[in-house]
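Structure record follows, encoded as C-alpha cells.
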Amino acid sequence: MKIMHAFLLSAAMSGSVAAQTVTLEVASFPDLDRGIKAAIPLYQEAHPDVEIKLVSLAFGDHHNAMTTSLATGSNLPDVMAVEVGFIGKFAASGGIEDLSKPPYNAMQYQDQFARFTLPQATGGEGNLAAIPVDIGPGALFYRQDLLQKAGVDESAFSKNWDAFIDAGKKVKEKTGAYMVAHAGDLKDIIIRSDLEDGEGIFFDKDNHSLVTSPRFEKAFKVAKEARDAGIDAKVKAWTSEWTEGLRRGQIATQMMGSWVAGHLANWIAPESAGLWRSKQLPDNVYASWGGSFYAIPAKAQHKHEAWEFIRFLALNKSMQLEAFHKLDAFPALVTAQNDQFLQQPIEFLGGQKARVQWKEAADRIPAITVNKYDTIADEIVNAELDKVLLHDKDIKEALADAHKLIKRRVRY
Amino acid sequence: MSAVMERRETPAATPVKARRSWLTRKTAPYVFISPFFILFAVFGLFPLLFTIYLSFHYWDPSTGLGGMKWVGFENFTFVLTDDWFHKSLYNTFWIALVSGVPQHLAAIPLAFFLHTRLSRWRNAVVGLYFLPFITSTVAISLVFTSLFSRDYGLINVLLTQMGQWEVAGLRPLSWVFPTENIDWNDPGYTKWVISFVVWWRYVGWNTVLYLSALQTIPKDLYEAASIDGASRRQQFWHITVPLLRPMMFLAITLSIIGNLQLFEEPFILTGGLGPGGTSIGGPDQAGKTAAMHMYATAYIESDFGTASAVAWLLFLIIAMMTWANNKAFKEKS
C-alpha cells in the first residue's frame, strides 16, 4: 500500500512538472514574424520552460482574425502583434490589457522608446494598449540619376512644396519619369505636418473632425497642383503598376517609412542599387509610416509569460538590433537607435549613412494621438480628394462635404 | 427488482446490440441525415438569423459581444439615405446591365451555332468556353489587371501600335485607335472594364445552359420546318427561341442574382484595399458595388450592424428583381 502511494505521488509530481511548461501562443504577420522566429531560440535558452507557438497570417487576414477573436472572446493568442493602423480600434475595444497598470506598469519604460510611440498606442481613456517594437520614420527617397539628368538641384528641391513641384516638372520634361506615384501621397504627408504633441490628424480630443482646417486645405491644394502639373503617375502604392514604375525608373521619388529602402533593395528594384538616395521629407515635415506593436488580450491564458516575452522583444537591445539588421525594421528602443550600427553606410543608397538621418526624423516626429474613427475619416477624405483631382471640385466645398460625411458616418 | 433485471440481461441482447440501441430503424434516417442539418444550422441558419439581429444593433466587433447596442431601424434609415450606398447600387445595376444583357445576346446564338454546326469538336469547344467560369476569380482578375495596366499592359500596347501604325508618313488608323496609352483606371473606364471581364467570364456558363436546353428540342421540329421550306434563320426565331424560354428564364434569373452580388472581380480590378491607397472601388469609387460597400462598412468602418442592414436591403432588392423577372416571363407566355 505504501509503495503504491509513493508511486502515485511521484506520478502526480512528474505530471505537475510537465504542466509547468507553458505554451505561449504568438500571433503575427509577415515580415514581423521573422523577428519573432529569430527570437524564439534565444528566448528559450533563458526560459526552457516556455514553448512558443507562432501563428502567422497575411497582414489583412491577421488583423481580421484578431478582430474576430476579440469579438467572440475565443481563440485569442497570448501575444498579439498589431500594426499602427489598427491600434486605435483595438485600444478602444476593451479586449486588450491596459499595460500602464499593474502588474505591467509599462509607463516606467516610457523614456526607453521613441517618444511618439507610446502616445500612438494609447486609447481614448488613457489606456496603453501595446508596446512598440519597430517604427517607420518617414523619408523622401529619390533617384539621384534622374534628378541629375533633369538638372534639379538636389539640395534644394525639397525645401518646400513649390520647389518640389517645379523639380517634378523638370524631371517629367527631361526624363519622362513621374515625380511621385500618386498626388494623394502629397496630401498624406501635408495633413501630418505642423502637428504638435497631443494633436490628432483627423480629430481633436472631443472627436470633432478637423478636416476643414488650413492643414487639409493646403494638402488638397498641393495635391491638385501636382496633378495639374502632370507629375504624378496616378498609381496606388503596392500595385503592380507601382512596383513596375519604380523598377523601370518611371517614378523618381517615393515618400514612405524608412523601411521601404529594404523593400526597394530586396525585391522592388534591386538592379537600381546605388542610384537611390534618402532625404528628410519636403517642407520640414516629420511623419511616421507604420510601426508594429505587441499587445496582450484581456482573455489571454498566460499573461505573465506573454509580458516577459514582449519585454524580451521590445526592451532587449540585441533583439532590436537583430531585427534592424535583418528586416530593416527601425527599432523603437532608444538604446538600439544609438548603436554604432546606425553609422554604417547603406550600399543601396550609394553609401549614404541614411540611418542617422532616420534617427533624426524619429526624434522629431510629434506624438500624435490616434482615434478609432481615423480609418473612416481617411476613407472619406480620400473619396473627396478624388473628386477634387478628377472633377475639379472646389477644395473648400470638398472639405466641407468631407466634414459633413464624417459627422454622418461617425454615428455612435 | 434485481432479479428482474438479471433475468432480462442474461439471455437478451449481446453487448454490441445494447450499445447500438439508439440507432433503430426509426432513428437511423435522422442520424444519417443530421450532418447536413447540423452544418446548415451552424454555417447557414445561424449567420442568417444573426445578421437580422445585428442589423438592429450598432456593433464594433473588436468590442466583443457585450459591445452591441440596440438602435432599432436606425441602420436601415441610415443606409437608405446614404449617398455612398446609392452610388454603389447605381454602379451595381450599371455593371449588371452592361455585362448581363450582352451575355445572353451572345450566348444564345453561340449555343445555336455550336449545336447545329459543330459536331465532332463540340465538346472540346464547349469546354473552352466553360473554362473561365471554373477558373479562380482572383486569378482572372489579376490577369486582367495586368492586361489593362496603363503603362505596361498588353491591351494598350496593341491599341497604340495600331494607332501609331504609319504608312507614308500618315497614321491611317489614328482616328479609330488611340496613339497614347489609355488610363483604364480612369473612372470613365472602370465600369466598362469590369463589365467586360464579367461578360467574358460568364458567357461560357450561359452558353452551356442554352446548349443543354437546345439538346432537349426534338429534331423532328427542325426537320418538319425545313421540309416546309423554313430557312435556318426562320428556324432559329420560330422554333429555337420560343422553346428556349424556360431556360432563358432560369439563366436570366441566375444572372440577376449573380450580378447584383458582384464582388471579387470589381474588388481586385480596382486594387482591393491596398494599404495607404485611395478610396475603395478605384478612383472616385467608380467601381464600388453594393457588395463592396457592405464589405467596406464592415471591415473598414468596423460597423457590422450597418453592414448587415446593407446585406438585407441587397437581399430585398435581389428578391424584387427576381420577382419582376418572373412576372415578366409569365405575362408574355
Side-chain angles (χ1 to χ4, degrees), chain A residues 59-60 63-64 66-73 83 85-86 89-96 182 184-185 188 233-242 244-245 248 250 256 289-290 298-299 372-373 375-376 378-387 389-391 401 405 408-412, chain B residues 54 57-69 71 74-75 77-78 81-84 87 142 145-146 148-153 183-188 268 270-286 288 295-306:
Chain A
F59 182 80
H63 289 101
N64 277 349
M66 291 304 113
T67 307
T68 320
S69 295
L70 284 171
T72 54
E83 206 264 346
F86 294 84
K89 200 166 130 184
F90 286 4
S93 75
I96 300 264
H182 200 282
D185 294 355
D188 279 334
K234 299 185 198 169
V235 297
K236 273 191 195 184
W238 307 109
T239 59
S240 52
E241 297 258 46
W242 179 73
E244 206 58 26
R248 301 188 190 201
Q250 284 297 308
M256 248 186 198
W289 263 266
K299 289 194 177 157
K372 68 182 266 204
Y373 296 116
T375 42
I376 299 184
D378 192 35
E379 193 192 359
I380 289 169
V381 167
N382 282 333
E384 286 300 323
L385 180 67
D386 277 346
K387 293 200 170 114
L389 295 179
L390 296 161
H391 308 308
D401 285 353
L405 274 171
R408 190 178 141 74
R409 294 196 96 76
V410 178
R411 288 183 297 152
Y412 302 103
Chain B
L54 258 186
H57 288 78
Y58 167 73
W59 188 46
D60 175 350
S62 60
T63 57
L65 289 170
M68 275 190 208
K69 214 164 77 184
V71 293
E74 215 176 294
N75 287 333
T77 49
F78 175 80
T81 54
D82 183 17
D83 285 345
W84 284 12
K87 181 161 192 174
L142 286 176
T145 308
S146 78
F148 278 105
S149 161
R150 181 193 58 205
D151 296 323
Y152 319 108
D183 184 3
W184 299 105
N185 269 327
D186 191 88
I268 299 166
T270 56
L273 277 180
T278 43
S279 47
I280 184 172
D284 205 22
Q285 307 186 340
K288 188 186 195 184
Y295 177 85
T297 311
Y299 287 95
I300 297 181
E301 300 180 16
S302 293
D303 186 350
F304 276 59
T306 307

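Proteins come first, then strands; the chains are lettered A, B, ... in the order of their sequence lines, and each starts at number 1.
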Toward chain B, the part of Gln250(A) with a non-hydrogen atom under 4.5 Å: side chain
Taking everything shown except Lys87(B) itself, do over 12 heavy atoms lie less than 6.0 Å from its NZ? yes
Is Val235(A) close to chain B through its backbone or its side chain, or both, or neither, when contacts mean heavy atoms under 4.5 Å? side chain
Measuring from Thr72(A):OG1 to Leu65(B):CG, what's the distance to the nearest 0.5 Å? 7.0 Å
Side chain, backbone, both or neither: which part of His391(A) has a non-hydrogen atom closer than 4.5 Å to chain B? side chain
Which heavy atom of Ser93(A) sits nearest a heavy atom of Ser62(B), and at what distance? CB-O, 2.7 Å
Donor-acceptor pair, side chain of Arg150(B) and main chain of Ala233(A), under 3.5 angstrom: yes
NZ/NE/NH1/NH2 to OD/OE distance under 4.0 Å, Lys372(A) and Asp60(B): yes
Value rounded to 0.5 Å, distance of CD in Glu244(A) from CG in Asp151(B): 9.5 Å
Measure Ile380(A) against the heavy atoms of chain B and call it side chain, backbone, both or neither at under 4.5 Å. both
In Å and rounded to the nearest 0.5 Å, what is the CG to CZ distance from Asp82(B) to Arg409(A)? 4.0 Å
Does the side chain of Ile280(B) come within less than 4.5 Å of Glu379(A)'s, by heavy atoms? yes
When rounded to the nearest 0.5 Å, the distance separating CG of Asp378(A) from CD1 of Ile300(B) is 9.0 Å
I need the minimum non-hydrogen distance between Gly271(B) and Lys236(A), along with the two atoms involved. O-NZ, 3.9 Å
How far apart are the closest heavy atoms of Arg408(A) and Phe78(B), and which atoms are they? NH2-O, 2.9 Å
Locate the shortest heavy-atom distance separating Tyr152(B) from Glu241(A); write the atom from each residue and the value. CD1-OE1, 3.6 Å
Looking at CG of Leu390(A) and CG of Asp186(B), how far apart are the two atoms once the value is rounded to the nearest 0.5 Å? 6.5 Å
Is Thr67(A) in contact with chain B via its backbone, its side chain, both, or neither, using a 4.5 Å heavy-atom distance? both
Contact winner vs chain B - Lys387(A), Met66(A), Arg248(A), heavy-atom pairs under 4.5 Å: Arg248(A)
If you round to the nearest 0.5 Å, how far is CG of Leu385(A) from CG of Asp284(B)? 10.5 Å
